[in-house]
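Okay, so here's the structure we're looking at.
We're numbering straight along the sequence, starting at 1.
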Amino acid sequence: TVIRFIMQMVLHDPQGHNSSGGKGAFMNDRLAKDMSDQSQIWELSRQVLAILLDRCPKMKYPILEVFSTAIVLGTSPLRQSFLSGLLTESAYGQQKNEIEGALNDSELQLKRPRANIKSGGHPSGNQRAISCTPVELVIDGEALKVRDPGHAEGFLNCVLTTHAFYIIDGTAPGHPQVPTILEARAFSDMTRLVKPFLGQVLFVGWAVQTGSSLSEKFMVLICHRERDRDELLSALTALSQPAGGGVRHRVPVQVDSAIRQSLENHVTEQIILTTFVMSEEGGLQFFVLSEGQLYQFSINWSIWAPPLEGDGEDDATTESEQESDDDAAEEATDRRRRGRARRHPAEFGGIPGLMQTEEAEGDAGRAETISIEREEARKKASLIPDRGREGLINRESMTRQLQDPQGGLLRVAFHPDKKPKMTLGFKDSSITMVFFDDT
């Protein structure tokens, strides 16, 4: 019954049930809102169905049969990319489970995080994989490369577990049964999270040892899908809460303005869309679409600087989300006080065991110490005088006038390749984009 209800939500056609005359009706505010709501329903349903496909193998055939029938018969407004996205989501879930098994296999000599903030303690027990997200990664201004760029799934995986943060090469031999870990970080070393105007990007600050003191360095995560950025942000915020600490001990979430202000120096009209894609040669490209023009830029990540301490604090967390996180933290504290668990069982989204430690006693004091050391690392962040705006965004090629009758956009071609590829044809040239995802 539940699955049938989910299917009905997914296959619902807002254009066929609107009050303006059924299919083919002109767009109006009501229909626009209905279609926006339907997109959100599709996204949530895809995640739920992906979990069912992963956890309930017997349901795979009935679920896929319904979608295949609807697509073949054309009885549904559902795009074919929904089904491919669902299968991809299910594959990520299976990959996450296999990585989890490998991380808990004591016979595999895998890379483990070494905390720079020593007060964070050492995680114990088996770790549970929370998410597995395809990303591109930039460290110290340089993009981290995979071993095999020509691999069908030539990207990095950002894996969050109840113990640590991992970057895994999805193209390395033996993946995912024997994952190749390129980066392993302790959550106690996280110093702050910064979200810029670009919906795919997340800056993660980490405490690093510089001589006898701590300083801060940033990692740039470029998610293949915008929704992944928001999920990573929420998960990392909750995972940054130390054992015995509360919401106030989490790392600050800041909003960056430098990238947006730098873009506005180049783009005078309203920005409709920004996206990262791959070139046919495999290089990362950044495009901006305005009301009448297409821009291509390069970003000099090495000169980006974070907001000043206390600036750009994000207050976007909803009251319900805040209450949910508060309840989870309070429940963890109550359990320890009642002596029902010696490990830290804080929860995020029903996932137990954030930053577990061997001993629960003294957790509150350690949480305070971690917050102090994080703040000290943030204060020593290397800042440049112009806050990273001058030269941060650079125009890569000539601006394309989309509606120019002399040399505007003439054609759009979609390639029948495994990877979603699109070519924009202009009078004197063409641009080919290879997208990370077709959903």
Side-chain angles (χ1 to χ4, degrees), residues 36 39-40 42-44 46-47 50 81 85 88-89 92-93 95-96 129-139 143-144 153 155-161 165-168 170 183 185 187 190-206 218-240 250-260 262-263 271-278 284-289 297 299 301 304 306-307 312-318 321 325 348-349 351 392-393 420 433 435-439:
S36 176
S39 295
Q40 296 180 40
W42 282 345
E43 188 57 47
L44 179 59
R46 175 164 39 214
Q47 295 177 19
S81 60
T88 301
E89 201 83 37
Y92 287 153
Q95 185 174 217
K96 180 188 70 174
I130 297 172
S131 65
C132 178
T133 307
V135 299
E136 304 300 312
L137 179 66
V138 178
I139 300 179
L144 194 62
E153 297 181 352
F155 50 77
L156 302 170
N157 289 299
C158 176
V159 178
L160 304 183
T161 75
F165 172 103
Y166 298 98
I167 296 294
I168 295 175
E183 293 285 333
R185 305 290 180 101
F187 291 122
M190 203 187 316
T191 53
R192 73 175 108 180
L193 297 165
V194 182
K195 61 177 185 178
F197 166 67
L198 310 178
Q200 294 172 261
V201 179
L202 180 63
F203 295 98
V204 186
W206 300 97
F218 280 86
M219 179 183 289
V220 186
L221 294 177
I222 303 174
C223 299
H224 289 190
R225 302 173 295 188
E226 287 194 13
R227 63 178 182 272
D228 289 342
R229 194 281 297 268
D230 295 334
E231 291 174 5
L232 272 179
L233 177 64
S234 298
L236 286 170
T237 302
L239 288 163
S240 70
R250 296 178 182 179
V251 297
V253 177
Q254 296 178 294
V255 178
D256 170 70
S257 62
I259 290 179
R260 179 164 196 152
S262 184
L263 270 179
I271 295 175
I272 297 175
L273 176 71
T274 65
T275 187
F276 288 88
V277 299
M278 301 297 290
L284 189 65
Q285 296 180 317
F286 174 53
F287 287 92
V288 175
L289 177 66
F297 295 105
I299 302 179
W301 301 108
W304 176 86
E313 294 287 348
D314 181 31
D315 298 323
T317 303
T318 65
E321 288 174 335
D325 291 343
F348 173 74
I351 299 168
L392 177 61
I393 302 287
M433 306 178 184
F435 293 91
F436 297 118
D437 188 82
D438 64 354
T439 57

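Checked against ring-ring contact (aromatic ring centres under 6.0 Å, His included), Phe197 has no partners two or more places apart in sequence or in another chain. Under the side chain to side chain contact (heavy atoms under 4.5 Å, CB included) criterion, Met433 pairs with Val277, Phe287, Leu294, Met422, Leu424, Ile431, Phe435, not counting sequence neighbours.
When all heavy atoms of Thr161 and Phe187 are compared, the pair lying nearest together is O-CE1, 3.2 Å. In terms of heavy-atom proximity, Asn157 sits nearest to Gln95 at ND2-OE1, 3.6 Å. In plain terms, the two heavy atoms of Pro307 and Gln254 that are nearest each other are CB-NE2, 3.9 Å. The minimum heavy-atom distance between Lys96 and Cys132, with the atom names listed, is CB-CB, 3.8 Å.
The CZ atom of Arg260 lies 10.0 Å from the OG1 atom of Thr274; values are rounded to the nearest 0.5 Å. For the atom pair CG (Leu284) and CD1 (Ile222), the distance works out to 5.0 Å, reported to the nearest 0.5 Å. A distance of 10.0 Å separates CD in Gln200 from CD in Glu136, rounded to the nearest 0.5 Å. Within the model, atoms NE2 of His224 and OG1 of Thr133 stand 10.0 Å from one another, a figure rounded to the nearest 0.5 Å. The structure places CZ of Phe297 at 12.5 Å from CD1 of Ile259, a figure rounded to the nearest 0.5 Å. To the nearest 0.5 Å, atoms CE (Met190) and CZ (Arg250) are separated by 11.0 Å.
Trp206 has its side chain out of reach of Ile139: every pair of non-hydrogen atoms, C-beta onward, lies at least 4.5 Å apart. With a 4.5 Å cut-off on side-chain heavy atoms, Leu233 and Lys195 count as touching. At least one side-chain heavy atom of Leu137 sits less than 4.5 Å from a side-chain heavy atom of Leu221. With a 4.5 Å cut-off on side-chain heavy atoms, Arg192 and Phe203 do not count as touching. Residues Met278 and Phe155 fail the side-chain proximity criterion, which asks for heavy atoms closer than 4.5 Å. Inter-residue side-chain proximity for Arg225 and Phe436 is flagged as unmet; no heavy-atom pair is nearer than 4.5 Å. Residues Leu198 and Leu263 meet the side-chain proximity criterion, which asks for heavy atoms closer than 4.5 Å. In this structure, Cys223 and Leu202 have side chains that are not in contact, with every pair of non-hydrogen atoms separated by 4.5 Å or more.
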Start with the C-alpha gap between Ile299 and Leu392, add the side-chain angles, then the distance that decides, and say whether side chain to side chain contact (heavy atoms under 4.5 Å, CB included) holds.
CA-CA 6 Å; Ile299 302 179; Leu392 177 61; 4.2 Å; yes

Report the C-alpha separation of Ser131 and Val159 in whole Å, then their side-chain angles, then the decisive distance to 0.1 Å, and conclude whether the side chain to side chain contact (heavy atoms under 4.5 Å, CB included) test is met.
CA-CA 6 Å; Ser131 65; Val159 178; over 6 Å; no

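Screening Thr191, Leu193, Leu232 for a side-chain contact (heavy atoms from CB on, under 4.5 Å) with Val204, the sole residue that qualifies is Leu193.
A distance-only check finds no donor-acceptor pair linking the side chain of Ser234 to the backbone of Glu231 [under 3.5 Å].
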